[in-house]
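In what follows, a single structure is set out as structure tokens and then discussed.
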Amino acid sequence: MWETGVGSAYVEQLPFFVGGLGESSTLQCTLKQTSCQYMYWYRQQGGRELEGLFYSLEDGPGTNFTAKPMTALRSNKKWDLTWKSLSQSDSAVYYCACSTAQ
């Protein structure tokens, strides 16, 4: 199921994922450097500006920057972005990122 991911020296995520309308889906990111405290999810839709979705300082649910119907959960070195029901408006490029500072 997992192919080689894309990323940097700090994080890695799948290069793409596909889901059908109304289906649940999860996009996973793996933290490769323990020096990163803060984890983030961003997305970019069709040439628009980058949009911050979630951030996390520790294991557990991420803090939602938006009212988008999705959740983020951090557990050990995994940082998952989950949809209960995908919609057309979820079509975007998603980015996982980490930082040593907020």
Side-chain angles (χ1 to χ4, degrees):
M1 181 173 163
W2 277 92
E3 299 288 330
T4 302
V6 295
S8 68
Y10 301 99
V11 296
E12 182 174 66
Q13 70 185 83
L14 283 178
F16 63 89
F17 82 106
V18 178
L21 294 177
E23 294 179 353
S24 63
S25 190
T26 298
L27 184 56
Q28 295 178 324
C29 175
T30 302
L31 179 63
K32 294 166 40 177
Q33 293 285 332
T34 57
S35 62
C36 286
Q37 276 186 291
Y38 296 91
M39 298 289 297
Y40 300 89
W41 277 110
Y42 296 94
R43 78 174 176 185
Q44 188 169 28
Q45 294 178 299
R48 296 183 190 163
E49 291 184 11
L50 211 56
E51 175 185 15
L53 299 174
F54 288 90
Y55 96 94
S56 173
L57 175 59
E58 57 191 21
D59 284 359
T63 301
N64 192 340
F65 289 137
T66 71
K68 307 290 184 217
M70 58 186 80
T71 59
L73 182 64
R74 185 172 175 181
S75 177
N76 197 10
K77 292 186 176 191
K78 299 291 185 192
W79 178 224
D80 295 345
L81 184 61
T82 301
W83 293 261
K84 288 185 180 178
S85 179
L86 288 169
S87 70
Q88 186 65 37
S89 65
D90 295 319
S91 180
V93 177
Y94 289 84
Y95 300 95
C96 169
C98 76
S99 175
T100 57
Q102 190 176 18

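Values in this document were obtained by computation on a predicted structure and should not be read as measured data.
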Task: CA sep, side-chain torsions, deciding dist, call: Y40, S99, side chain to side chain contact (heavy atoms under 4.5 Å, CB included) - done: CA-CA 8 Å; Y40 300 89; S99 175; 4.0 Å; yes

Task: Qualifying salt bridge (Lys or Arg N to Asp or Glu O under 4.0 Å) pairs with a residue from residues 42-53, counting only residues at least two apart or across chains - done: R43-E51, R43-D90, E51-K68

Task: Side chains of M39 and L57 in contact at under 4.5 Å (non-hydrogen atoms) - done: no

Task: Close side-chain approach of L21 and Q88, heavy atoms under 4.5 Å - done: yes

Open item on the list: As an exercise, state the distance from CD of E23 to CG of L86, rounded to the nearest 0.5 Å.
Closed with: 7.0 Å

TODO: Identify the heavy atoms of Q45 and A92 that sit nearest to each other, and give their distance.
DONE: CG-CB, 3.4 Å

TODO: Take W41 and Y95, measure what side chain to side chain contact (heavy atoms under 4.5 Å, CB included) needs, and give me the verdict at the end.
DONE: CA-CA 6 Å; W41 277 110; Y95 300 95; 5.9 Å; no

Open item on the list: Donor-acceptor check, side chain of N76 to backbone of K78, threshold 3.5 angstrom: yes or no?
Closed with: no

Task: Interatomic distance, F54 atom CZ to D80 atom CG [nearest 0.5 angstrom] - done: 11.5 Å

Task: Heavy-atom side-chain proximity of Q13 to L27 below 4.5 angstrom - done: yes

Task: Pairing residues for Y94 by the ring-ring contact (aromatic ring centres under 6.0 Å, His included) criterion, not counting sequence neighbours - done: W83

- [ ] Please lay out, stage by stage, how S56 and W79 fare under the test side chain to side chain contact (heavy atoms under 4.5 Å, CB included).
- [x] CA-CA 9 Å; S56 173; W79 178 224; 3.4 Å; yes

- [ ] Kindly compute the distance separating CE (M70) from NZ (K84), expressed to the nearest 0.5 Å.
- [x] 13.0 Å

Open item on the list: Please tell me whether Y55 and F65 form a close aromatic pair, meaning their ring centres lie under 6.0 Å apart.
Closed with: yes

TODO: For D59, enumerate each residue passing the side chain to side chain contact (heavy atoms under 4.5 Å, CB included) test, keeping only those at least two apart in sequence or located in another chain.
DONE: R74

TODO: Provide the closest heavy-atom pair for V11 versus C96 in the form atom of the first, atom of the second, distance.
DONE: CG2-O, 3.6 Å

- [ ] Decide yes or no on side chain to side chain contact (heavy atoms under 4.5 Å, CB included) for T26 and L81, but give the supporting numbers first.
- [x] CA-CA 6 Å; T26 298; L81 184 61; over 6 Å; no

Task: side chain to side chain donor-acceptor pair (under 3.5 Å) between T71 and T82, intermediate numbers included - done: CA-CA 5 Å; T71 59; T82 301; 4.5 Å; no

